[in-house]
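To start, the structure itself, in C-alpha cells.
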Amino acid sequence: MGCCSSASAAQSSKREWKPLEDRSCTDIPWLLLFVLFCIGMGFICGFSVATGAAARLVSGYDSYGNICGQRNAELEAIPNSGMDHTHRKYVFFLDPCNLDLINRKIKSVALCVTACPTQELKTLSDVQKFAEINGSALCEYSLKPSEYTLPLKSSSLCPKLPVPASAPIPFFHRCAPVNISCYAKFAEALITFVSDNSVLHRLISGVMTSKEIILGLCLLSLVLSMILMVIIRYISRVLVWILTILVILGSLGGTGVLWWLYAKQRRSPKETVIPEQPQIAEDNLRALLIYAIAATVFTVILFLIMLVMRKRVALTIALFHVAGKVFIHLPLLVFQPFWTFFALLLFWAYWIMTLLFLGTTGSAVQNDQGFVEYKISGPLQYMWWYHVVGLIWISEFILACQQMTVAGAVVTYYFTRDKRNLPFTPILASVNRLIRYHLGTVAKGSFIITLVKIPRMILMYIHSQLKGKENACARCVLKSCICCLWCLEKCLNYLNQNAYTATAINSTNFCTSAKDAFVILVENALRVAAINTVGDFMLFLGKVLIVCSTGLAGIMLLNYQQDYTVWVLPLIIVCLFAFLVAHCFLSIYEMVVDVLFLCFAIDTKYNDGSPGREFYMDKVLMEFVENSRKAMKEAGKGGAADARELKPMASGASSA
C-alpha cells in the first residue's frame, strides 16, 4: 500500500495538488477485503436460517424443542418432543417474571398455547375456565384441564399465580406480560447497579406514565436542531453572538427555575402530598436539589470558559459565514444525518436479527433441568466474534461514507470558481464518485478505527468484569490503557476525516492522503488550534442550547406529574436524546468547517494569486485568517513561529 515508502513520500512532496482533475480507483485490495468480509457476514445469517434458527426465533419453541405453529419431528432421547403444535402458535412462560440475572434469560418452563391470557387469572379455577373456553391449556402437556384444580398435580405443572395479563409480541409469537411491575423486573436483569428495587420500580413507572411527554420532547429536540441548522444558513454573521447570549440566558434561566421549583416544593405543606405517595415526593425533592446544584456548577464553569475565550469569538464569525454559504448552495447537507441514521438503523436491525438467529441455531441439547437448548459446537461456535467485529467495522464504514460524501460535496463547492457551474446536486455527485472510485479508501480508514476500538472495548469489558476485585495498580493500568486508546481513536478519526478530504480533492489512496493531510495540518498548527477550539466551542454551545431548551420544557411539563410519578429518569432520557440529535446535526456543520479549512490551507500553499495559479478561496475566509494574524500580533503573541505559520496567507493576501 505504500504507507511508509520513502519513494512515494518523495514523489508526494514534489507533486502538486490538482483538485477534481483526475479520478482513479483507490485502495482496491481493501475494497475486495471488505466485500469478502461482508460475504462472511451473509454466510453467518444464511447458516443460522438454514439450520432452522429463523423458525425457532420467529415462531418460538417450547422447553422440549417443539416449534410452535407447526408439526415437529421427534428429537432423540427428549420426552414430549415431536408434538403437533399446528394450532398452538404462541409461546407461554409459566413464570415470565422469573429471570436468570447472570445469563439474562427467563428461568421458566415454556409451552406452546393457542392464545395468551388477556386478563389476569388469580386462581387455578380461572386457569381451568380459560382452557375450557379458549381451548388454550396453560399447564404442562401431561396435565388435562380437568386436573388443573388438583393441588398435588397442579402445584409444579401449572403457571405461577396470579397469571399476569399478557399480549403476543408482534411477529415473534411470545406472550409478554403487560404489567408495568413485570417490566421493572425485566429491567433489573440489565440494570444491576440499583440496590433498592423499589426505586427502580418507581423509575420505570415514571417512564411508562410519561411516555407521551417523552416522545413529544424528543420530537421537540429534533425540530430545534433543524431550526438551528436553518438559522445557521441565514444569520451566520450574528449566530455566534446570538448563541452566546441565548446560552447565558438559558443556563441562568434553567438554574433559576430549578432552584425556584426546589424552594417551592420544599415549602409546600405536607398535607398537599398524596398520602399513598410520600416516597415519590421525597425522591422528586432530592432530584430537584441534585439538578439545581449540577446546573449551578455547570453554569459557573461555562461562564469561566466564555470569559477566557471572549476575544476569540469574533474570529469564528467569518468562518461560520463561509460555512453558511456552503449550506445555502448545498441544502441537502442538512438531511445527511437522516440518510446516515437510516442506513445505520437498517444495518443494526439486520445485525440484531442475525444475533438472535445465532442464539437459536445449533443442535438440541438438554440442560440440567431436562429442558432443550440449542447450542453450536465446534469452530462455528465462535461465529459471534466475527459478527461483533462486523458490527464495528460496517458501522464505521457507514459513518466514513458520510464523511467522504460531505467532503466530496464541499470540495466540489470550494474548487469550483464559478458557483453557477456547480453540479445540479453536488451531494449526489459526491456519492457517485464515492461508489465509483473511493469505497476502498473508506473501507481501509474504517478498518483502522476498528483495530483501535476493539482492544478498547475488550479492556472496558475486562474492567467491568473485574470491578471491585482488582487491586489499585491494575485498575490504574486498565484505565490508563483505555484512556490512551480513546485518545488514539479520536486522533485517528480526525486524521481519517482529513484524509478523506485529501482523497476527494486529489484522488489519492488512503495512506498518501493521510500523509499529505497530516503535513498540511502540521504546517498550519496554530490555525488548526484556533479554528477548532473556537469553532467547536461555538457548536458545543449550540448543543447546550438545544439540550437546555428541551430540558427546560421537560421540567415544566413533568412538574405537573410530580405528585404521582418520579420524573428523574424521563428527564435524563429526554436530555440524552436531545444531545444525540443536536450532535448528529451539528457534527455535519463541524465537518464542513474542517473540510473548508483543509481546502483553504491547500489553496494558500499551492496558489499565490498569480496568473495560472489563482486562488479558489472565498474572500471572507482570506480576511478571517488575515485578521487572525493581526490579532495575534497586536496581542504580542505573533512571534517568529506565528509569522512563519501565516506566511502563505500573507503573500496571498498581498497579491490579491
Side-chain angles (χ1 to χ4, degrees), residues 217 220-221 224-225 228 231-232 238-268 282-317 319-320 479 483 486-487 490 529-559 562 566-583 585-587 589-590 631 635 637:
L217 291 172
L220 174 64
S221 66
L224 290 176
S225 299
L228 186 58
I231 291 175
I232 288 176
V238 296
L239 177 64
V240 174
W241 300 115
I242 291 176
L243 282 176
T244 303
I245 294 172
L246 287 178
V247 167
I248 291 175
L249 295 178
S251 55
L252 284 176
T255 305
V257 168
L258 284 171
W259 283 112
W260 173 72
L261 288 175
Y262 172 74
K264 177 184 176 183
Q265 188 168 337
R266 187 176 183 181
R267 289 197 305 265
S268 61
E282 183 180 345
D283 290 341
N284 284 330
L285 184 64
R286 188 184 303 111
L288 277 174
L289 178 60
I290 295 174
Y291 284 152
I293 295 174
T296 303
V297 174
F298 176 78
T299 301
V300 171
I301 295 175
L302 191 64
F303 282 1
L304 292 176
I305 295 176
M306 295 178 70
L307 183 65
V308 172
M309 302 182 66
R310 69 188 187 282
K311 292 184 179 180
R312 294 193 176 189
V313 169
L315 301 179
T316 312
I317 296 178
L319 185 61
F320 273 48
K479 290 185 177 180
C483 182
W486 181 85
C487 294
K490 294 302 178 183
I531 292 174
N532 282 350
T533 302
V534 181
D536 291 352
F537 181 68
M538 289 298 103
L539 294 178
F540 170 73
L541 290 184
K543 299 174 187 178
V544 171
L545 175 62
I546 293 174
V547 173
C548 288
S549 302
T550 307
L552 183 60
I555 290 173
M556 301 307 294
L557 291 175
L558 293 170
N559 185 52
Q562 63 178 355
V566 177
W567 45 265
V568 177
L569 190 57
L571 190 60
I572 293 176
I573 292 174
V574 167
C575 290
L576 288 177
F577 184 84
F579 181 81
L580 177 63
V581 171
H583 175 74
F585 279 91
L586 294 181
S587 63
Y589 201 89
E590 183 179 358
K637 299 179 181 179

_So, taking the atom named CG in Leu217 and the one named OG in Ser549, what distance separates them when rounded to the nearest 0.5 Å?_
11.5 Å
_With sequence neighbours excluded, residues passing side chain to side chain contact (heavy atoms under 4.5 Å, CB included) with Leu580_ = Cys584
*Show your reasoning for whether side chain to side chain contact (heavy atoms under 4.5 Å, CB included) applies to Phe298 and Val544.*
CA-CA 11 Å; Phe298 176 78; Val544 171; 4.0 Å; yes
_For Leu252, side chain to side chain contact (heavy atoms under 4.5 Å, CB included) partners two or more places apart_ = Ile248, Thr299, Phe303
*Which heavy atom in Leu258 sits nearest to a heavy atom in Ala295, and how many Å separate them?*
CD1-CB, 3.7 Å
_So which atom in Ser225 and which in Ile546 form the shortest heavy-atom distance, rounded to 0.1 Å?_
OG-CD1, 3.4 Å
*Which residues pass the side chain to side chain contact (heavy atoms under 4.5 Å, CB included) test with Leu289, sequence neighbours left out?*
Trp259, Tyr262, Ile293
*asked:* For a 4.5 angstrom cut-off between non-hydrogen side-chain atoms, does Val574 reach Leu220?
replied: no
*Tell me, do Leu224 and Thr550 make a side-chain contact under 4.5 Å, heavy atoms counted?*
yes
_Show the nearest heavy-atom pair for residues Thr255 and Ala292, with the distance to one decimal._
CG2-O, 4.4 Å
*How would you list, by chain and number, every residue that makes a side chain to side chain contact (heavy atoms under 4.5 Å, CB included) with Lys479, sequence neighbours excluded?*
His463, Arg475
*Check against side chain to side chain contact (heavy atoms under 4.5 Å, CB included), Leu586 and Leu228*: CA-CA 9 Å; Leu586 294 181; Leu228 186 58; 4.0 Å; yes
